[in-house]
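Data first, discussion second: the structure below is written as structure tokens.
As the structure lists them, so they are numbered: ligands from 1, and atoms in each ligand from 1. Below, each value reflects all heavy atoms present in this structure, side chains not excepted, and no hydrogens, waters or symmetry copies. In this text, all values refer to a predicted model and were calculated from it rather than measured experimentally.
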Amino acid sequence: MREPGFGTRCVHHGDDHGSHFGAPSPPIYQTATFVATDAALLGRREHASPPGYDYTRVDNPTTHAFESHVAALEGAEAARSFASGMGAIAAVVLHACGAGDHVVCVDTVYGPTRAFLKDYAARFGVDTTFVDGRDPADFAKATRAETRLYFLESPSTRVFHLQELAAVAQIARDRGILTAIDNSWASPYFQNPHEHGIDLVIHSATKYIGGHSDVLAGVVTGDARRIRRLQLQEGVLLGGVLDPFAAWLLLRGLRTLAVRMERHQSSALHLARALERHPRVHRVLHPGLPSHPQHALGQRQMRGYGGLFSVVLEDTEREQALTVANALRYFGVAFSWGGYESLCVPVEFPEYGGRWGLRLHVGLEDPEDLLADLEDALRA
Ligand SMILES: *Cc1c(COP(=O)(O)O)cnc(C)c1O
């Protein structure tokens, strides 16, 4: 039989029509605990037959269904969910490192990830070196005897730098170092880093996996042994676990992931190409444009492109970037991205002569409406 494609797996993974009276959407197990029918089973139901649950901080049927779905889409053995993307990122760093250990991280990483490594983890004796990372040798050069973790984010989400995943994974493997990547931008639909040898894949599920700007969540995929440790240590002991209702919303989001990503991709590329020709635009930073310096690498290791990119404006100061942002009708000025609606944030680009511009998330609206909106705002 034909192996089901990605879209089919989004829709049908975990189908269990024999249970729940045939409801295609599974119930939400909104419960903190699970009563045992026999005291001897308490705390051991995971190993019982059929397996059961004890306490939602450890595991819950609804969060488990979400985790199993994401693991399948990333091609991983297992997944563990957290209450937010940062919960997942912090868990991975604490899983990999203890006092005296060292991390190599890309310098364009998500701001709070950088702050966690630089300021917070440092308090517990974990030191981090930030590297450019566009050359895999940057990782080898920064490695010390105490290096335990390479932290990647490819593409990054302001200037959209890429790392060569297979090459960095090989450097890490040769030295016994763990690799983790923030894969939120591409989503599992466009990039599966485990295929390139990366050990742990992290998503801010708040973004594309949820897709509706109505839930905060994070998830990590990897081999069953590591994910089990993330569950029993960083999950159970730190307690930043996913709520069953949030997991149910995420399951709903996953069913439409493939179609949403296609639309985000095509609309964002349409806008990026048009903006690249606009006289007020200095540069468009989008890995899908041939003008992106790492376009060829992106084509090799991704199957497509997310809907988030940046526009560096010509001769623009902060005030003018704010004026453009405020003139937009359909792009809400807000942090976050990955939902159905278009959003933007004004951004400074020190690497482009201190120019200002906008980071745009292209939502599911009609692309021609979004383009007209941007053209009008750029006239403002
Ligand atoms: C939003 C975001 C995060 C953090 O996710 P939360 O769910 O907000 O904690 C991590 N990485 C990237 C690239 C993000 O955009």
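At least one N/O-N/O distance between Thr206 and ligand 1 falls below 3.5 Å. Considering backbone and side-chain N/O atoms, Asp182 comes within less than 3.5 Å of an N/O atom of ligand 1. Residue contacts with ligand 1: Gly85 is placed with a nitrogen or oxygen under 3.5 Å of a nitrogen or oxygen of the ligand (distance criterion only).
A heavy-atom distance below 4.5 Å is found between the side chains of Phe6 and Pro188. Annotation: side chain of His13 is not in contact with side chain of Leu73 (no heavy-atom distance under 4.5 Å). You'll find the side chain of Pro136 reaches within 4.5 Å of the side chain of Ile171, heavy atoms only.
If you look at Pro112 next to ligand 1, there are no close heavy atoms at all, none under 4.0 Å.
In this structure, Arg114 forms a cation-pi arrangement with Phe130, its terminal cationic atom sitting closer than 6.0 Å to the ring centre and no more than 45° off the ring axis.
Atom numbering of ligand 1 starts at 1 in the shown order; those under 4.0 Å from a heavy atom of Trp337 are 15 (O). Near Ile89, the atoms of ligand 1 lying under 4.0 angstrom from a non-hydrogen atom of the residue are 10 (C). Near Ala217, meaning under 4.0 Å from any of its heavy atoms, are these atoms of ligand 1: 7 (O).
No donor-acceptor pair closer than 3.5 Å links the side chain of Ser84 to the backbone N or O of Leu216. Judged by distance alone, the side chain of Trp356 and the main-chain N or O of Pro346 form no donor-acceptor pair under 3.5 Å.
When His361, Lys207, Met86, His203 are checked for heavy-atom proximity to atom 1 (C) of ligand 1, Lys207 turns out nearest.
For atom 5 (O) of ligand 1, the closest non-hydrogen atom of the protein is Ser204 OG, 2.8 Å. Protein heavy atom at the shortest distance from atom 4 (C) of ligand 1 is Tyr110 CE2, 3.4 Å.
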(request) Using the salt bridge (charged side-chain N to carboxylate O under 4.0 Å, His left out) rule, take Arg144 and Asp127 through it: C-alpha gap first, then chi angles, then the decisive distance, then the call. (result) CA-CA 11 Å; Arg144 307 178 192 158; Asp127 192 26; 3.0 Å; yes
